[in-house]
2 protein chains.
Amino acid sequence: MMPSSLTAENTAGRPRRLVIAGMEGCTNCAICEVRAHGVCSALRDDELERLARAAVRMTVPPGHIFIEEGSRATDFFNVTGGTVKLFKSLPDGRRQITGFVSVGHFLGLAVSDRYAFGAEAIDQVKLCRFSRPKLEGMIEEFPRMERRLLAEAANELVTAQDQMLLLGRKTARERVASFLYGQLENHYGDAIPPNAQISFPMTRADIADFLGLTVETVSRTLSGLRKDGLVTLNAGHGITVISPVRLEAIARGGES
Amino acid sequence: MMPSSLTAENTAGRPRRLVIAGMEGCTNCAICEVRAHGVCSALRDDELERLARAAVRMTVPPGHIFIEEGSRATDFFNVTGGTVKLFKSLPDGRRQITGFVSVGHFLGLAVSDRYAFGAEAIDQVKLCRFSRPKLEGMIEEFPRMERRLLAEAANELVTAQDQMLLLGRKTARERVASFLYGQLENHYGDAIPPNAQISFPMTRADIADFLGLTVETVSRTLSGLRKDGLVTLNAGHGITVISPVRLEAIARGGES
DNA sequence: CGAAAGATTGAGGTGGCTCAAACGGCGTGG
DNA sequence: CCACGCCGTTTGAGCCACCTCAATCTTTCG
């Protein structure tokens, strides 16, 4: 009756409560490992000084939800390590992952006073946390930061539109190819060599929830790509893309 | 072979070329009918003065594409009348409508120097057009405008995430109910009365492309809702929603 | 009024889902 | 070190929601 779903398993074995582990207090943003990424890259050293006083560093273990869907939006986050999945759910447990985000990404741009999505750590995730009023004050003071946030929001909007095209109109094969190609771009940028290797932390279930498919379909589709000589599936979550060019053609919808 | 599509008809009978009709030159933004909406509402009168000098008003007839997917992003637009559909396409003609926008909405936040989407007038559309450099200059000068743009982008992001959930995980019935309920909210705000009337300019094909379905499925699903006593289908593009509450329940995924 | 576009309805096909079983890696404990 | 259980992955068989193709009906508009 439901075309897709994760009713049983995905609802049942879902991670525990909102737990925030390992809060290390504020450190120096100027020497932060993600200094060059995300919002931070928009600021000068003296501005970073201010930022540092507002930031709380924290670590979140795999599987833990640190933003609960619909909860009060009290904080903003900046991902400084690991990978996070953002998601929305339906009452019966069906789940859509709206994006995977990693280092440099900014989280928490909420419209209302509540988060419209949830966020769960896939692997060990490091975050900078800012209280809403504090960050809003900073935005007020540093127009450059606002510029940066606008640019990032515009970027996400473009990504979201691509994903809507994928979810609304692409076949399973095209979706999986799109996902793999996206991963390639993340690792290699524009210059993707033949036999490019990727390894990602998300499970088949995550990929399914991201692509609007079931685990079985993702698995079968990957096997199909393997049979067609497009990829090899390595141990763990590793994949070798033999022909990125052909993969992209499939992702774009230009080939069967 | 393709699960969804608008290959034949939708590709063939597609609107003509990029045509911009009725350019009326710059007018006074202070007395503009959408003064209270969109980006304009963020500005003071003296700032609007500046805006007016940068704006070119234009009218676009139904069916005409005024932003071509992938073309150079030379302008920004502010919708001052009518309804616009935003879309992305695949090479074989499959099309996904990413949103319908109307008065007050801002268009053209492109990341690169090219538009990532196309825009087509559904009915008679009125626009304010700004050249990219001019608007960027204004943003530089008026932080309030930037604030406003960021807020609007954040809003669109939330909408986009909702749409991803819809496209990835909702049934046809839930999708159509979601669409109708969204239309209700547009017209009535939060207080939607029983037997609420709506009439919208988009065709069944547009709705299908928006919901990731086919025309036939949209039509059949609407008929199903009618049979179930949830709506009545009026002449033209009018629909009466007998029970908005039950419709919302379906849209949310909480009822069959 | 007539042509063209849009909407509805029917009949049949299929891509991806559901249910089910087997397989593999990995940590735990005996 | 191996047995065991858990979890994620793969594969198979069958089904169904939605798609495709096609005909008819309705609305719009010149």
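Chain naming here is simple, since letters A, B, ... match the order of the sequence lines and numbering starts at 1 in each. For clarity, every value in this text was computed on a predicted model and none was experimentally measured.
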From [options], nucleotide with atom closest to [X] side chain:
| X | options | answer |
| --- | --- | --- |
| A:T203 | D:dT9, C:dG6, D:dC18 | D:dT9 |
| B:T214 | C:dA7, D:dC19, C:dG16 | D:dC19 |
| B:R220 | D:dT10, C:dG10, D:dC18 | C:dG10 |
| B:E216 | D:dC21, C:dT8, C:dG16 | D:dC21 |
| A:L213 | C:dA7, D:dT10, C:dG16 | C:dG16 |

Rounding to an integer number of Å, can you tell me how far [X] [atom1] sits from [N] [atom2]?
| X | N | atom1 | atom2 | value |
| --- | --- | --- | --- | --- |
| B:L167 | C:dG16 | CG | C1' | 16 Å |
| B:K227 | C:dT9 | NZ | P | 6 Å |
| A:L233 | D:dG8 | CG | P | 18 Å |
| B:K170 | C:dC17 | NZ | P | 18 Å |
| B:L225 | C:dT9 | CG | P | 13 Å |
| B:L211 | D:dA17 | CG | C1' | 16 Å |
| B:R95 | D:dC19 | CZ | P | 17 Å |
| B:R169 | C:dG16 | CZ | C1' | 11 Å |

ask   = If we ignore angles and hydrogens, is there a donor and acceptor under 3.5 Å between the side chains of B:T59 and B:Q124?
value = no
key: Distance-only donor-acceptor check, side chains B:T98 and B:K88, under 3.5 Å   = no
query = Base, backbone or nothing for each nucleotide of nucleotides 24-30 of chain D, written B, S, -, heavy atoms under 4.0 angstrom, 5' to 3'?
reply = ----S--
query = How would you list, by chain and number, every residue that makes a side chain to side chain donor-acceptor pair (under 3.5 Å) with A:T83, sequence neighbours excluded?
reply =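 Applying side chain to side chain donor-acceptor pair (under 3.5 Å) to A:T83 gives none.
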key: Axis deviation across the helix from C:dC1-D:dG30 to C:dG30-D:dC1, five-pair ends, to the nearest 10°   = 40°
Roughly how far, to the nearest 0.5 Å, is [atom2] of [Y] from [atom1] of [X]?
| X | Y | atom1 | atom2 | result |
| --- | --- | --- | --- | --- |
| B:L213 | B:T171 | CG | OG1 | 9.0 Å |
| A:C128 | A:L107 | SG | CG | 12.0 Å |
| A:L180 | A:I207 | CG | CD1 | 7.0 Å |

message = side-chain contact (heavy atoms from CB on, under 4.5 Å), that's the test. Do A:R173 and A:L225 meet it? Break it down for me.
response = CA-CA 8 Å; A:R173 190 176 169 89; A:L225 293 174; 3.8 Å; yes
inquiry  = Before we go on, tell me: are the rings of B:F77 and B:F66 under 6.0 Å apart, centre to centre?
reply    =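 B:F77 vs B:F66: aromatic centres under 6.0 Å.
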key: Ring center gap for B:F100 and B:F210 short of 6.0 angstrom   = yes
If you compare every side-chain N and O of [X] against the phosphate oxygens of [N] (OP1, OP2), does one of them come in below 4.0 Å?
| X | N | result |
| --- | --- | --- |
| B:T217 | D:dC18 | no |
| A:R204 | C:dG24 | no |
| A:R175 | C:dG15 | no |
| A:S223 | D:dT11 | yes |

query = So, does A:T159 use its side chain to make a donor-acceptor pair with the main chain of A:N155 at under 3.5 Å?
reply = yes
query = Any ring-ring contact (aromatic ring centres under 6.0 Å, His included) pairs touching residues 222-242 of chain B, not counting sequence neighbours?
reply = none
message = Does anything in residues 170-201 of chain A form a ring-ring contact (aromatic ring centres under 6.0 Å, His included)? List the pairs, not counting sequence neighbours.
response = A:F179-A:F200
Between the protein and nucleotides 1-3 of chain C, list every N/O to N/O distance that falls short of 3.5 Å.
none

